[in-house]
Amino acid sequence: MPEGPSIIILKEAVSIFKNKKVLHANGNAKIDFKKINNKTINDFKSWGKHTLICFDGFFIRIHLLMFGTYRVNEKKDAKPKLHLAFKKGELNFYTCSVQLIEKNVDEVYDWSADIMNDKWDEKKAVKKLKEIPDTLICDALLDQDIFSGLGNIMKNEVLFRTRIHPKSEVGKLPLKKRRELLKEVVQYAFDFLKWKKAGVLKKHWLAYSKKICPRCNIPLQKEYLGKGKRSTFFCDNCQELYGS
DNA sequence: CCGGTTGTTCAGCG
DNA sequence: GCGCTGAACAACCG
């Protein structure tokens, strides 16, 4: 379900409840639901993979993690983590992390780190990358403080498209290549969004979950790389290794 | 039916 | 107290 683009789709789907009052809130989440009852939703925002339901003086943070789902004006069989009832309609979130944070979102989030936000700042990302020259690029891309919203699918696709080997070291990328990668991160995020909306995301995958390199027709490698040992698909022939 | 996973947090250890 | 590692959690797909 959830890389940044999927959360943009979520945000758009739930926006029908913007400026609507929550008549009743409940669920399995360990939060004080009374704080939400009879409060009006000012806005829905997102920061990377975080969905933010904004009220006066506080907000709800929802993270779908790996298996989270949601329903608008529908229920699933399972009891929701968070259920919001409105005068007309309802919103349900399942198998997700739910937190109530008594701050304004602007106090908490650096919007310039979100690859899909209007405030995304490539220069700040470059600065952060310069601080971690020894990190593998496959790990750096998944760092949510640098590339908020970027997930494992996007990691694989962006590296394949820019022909950068996942085991390359951040500090060894030539400037031109680093710039190309940063552009592709944003480009691919919006391609992902467009394709996901059209229901054609998977057929655009070039490397992720693939067995054969679409460029050279030789078998792709699959290894569990990086700190999180995340599945990584790459072509030893056409993705260049920078560094050792 | 089993294996795999679009993610994160936290306990435990050195 | 730090950083690192692996476990734990979860539901659905093929």
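Residue numbers begin at 1 in each chain, while the letters A, B, ... track the order of the sequences. Note: hydrogens, waters and symmetry copies are ignored here, and every other heavy atom, side chains too, is used.
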Quick one: which of [options] gets closest to the side chain of [X]?
X: A:S6; options: C:dA11, B:dT6, B:dT5; answer: B:dT6
X: A:H63; options: B:dT6, B:dT8, B:dT5; answer: B:dT8
X: A:K76; options: B:dT6, C:dA11, C:dC12; answer: C:dC12
X: A:K202; options: C:dG14, B:dG4, C:dA10; answer: C:dG14

- request: Can you tell me, in whole Å, how much space there is between the C1' of B:dT6 and that of C:dT5?
  value: 23 Å
query: B:dG4 and C:dA7: how far apart are their P atoms, nearest whole angstrom?
result: 15 Å
message: Quick check: closest heavy atoms across A:R178 and A:V126, and the distance to 0.1 Å?
response: NH2-CG1, 3.4 Å
Protein-nucleotide distance ([X], atom [atom1]; [N], atom [atom2]), rounded to Å:
X: A:K227; N: C:dA7; atom1: NZ; atom2: P; result: 18 Å
X: A:L141; N: B:dG7; atom1: CG; atom2: P; result: 12 Å
X: A:M66; N: C:dC12; atom1: CE; atom2: C1'; result: 12 Å
X: A:L142; N: B:dT6; atom1: CG; atom2: C1'; result: 11 Å
X: A:N156; N: B:dT6; atom1: CG; atom2: C1'; result: 11 Å

- request: With heavy atoms under 4.0 Å as the rule, sort A:Y94 into base, sugar-phosphate or nothing.
  value: nothing
message: Using a 4.0 Å heavy-atom cut-off, does A:S97 contact any base of the nucleic acid, only the sugar-phosphate backbone, or nothing at all?
response: nothing
With no hydrogens and no angle check, just 3.5 Å: does a side-chain donor-acceptor pair link [X] and [Y]?
X: A:H24; Y: A:N38; value: no
X: A:N19; Y: A:N42; value: no
X: A:K119; Y: A:S112; value: no

query: Is a donor on one side and an acceptor on the other found under 3.5 Å between the side chain of A:E157 and the backbone of A:A207?
result: yes
query: Closer to the 5' end of DNA chain C via nearest nucleotide, is it A:A78 or A:K229?
result: A:K229
query: Mind checking whether A:V22 and A:K39 have side chains closer than 4.5 Å, heavy atoms only?
result: no
- prompt: Can you get from A:V105 to A:L64 by hopping between Ile, Leu, Val, Met, Phe, Trp and Tyr side chains that sit under 4.5 Å apart?
  reply: no
statement: Dot-bracket assigned to DNA chain B with the 3.5 Å Watson-Crick/G-U criterion, [ ] for crossing and | for other-strand pairs, is .||||.||||||||
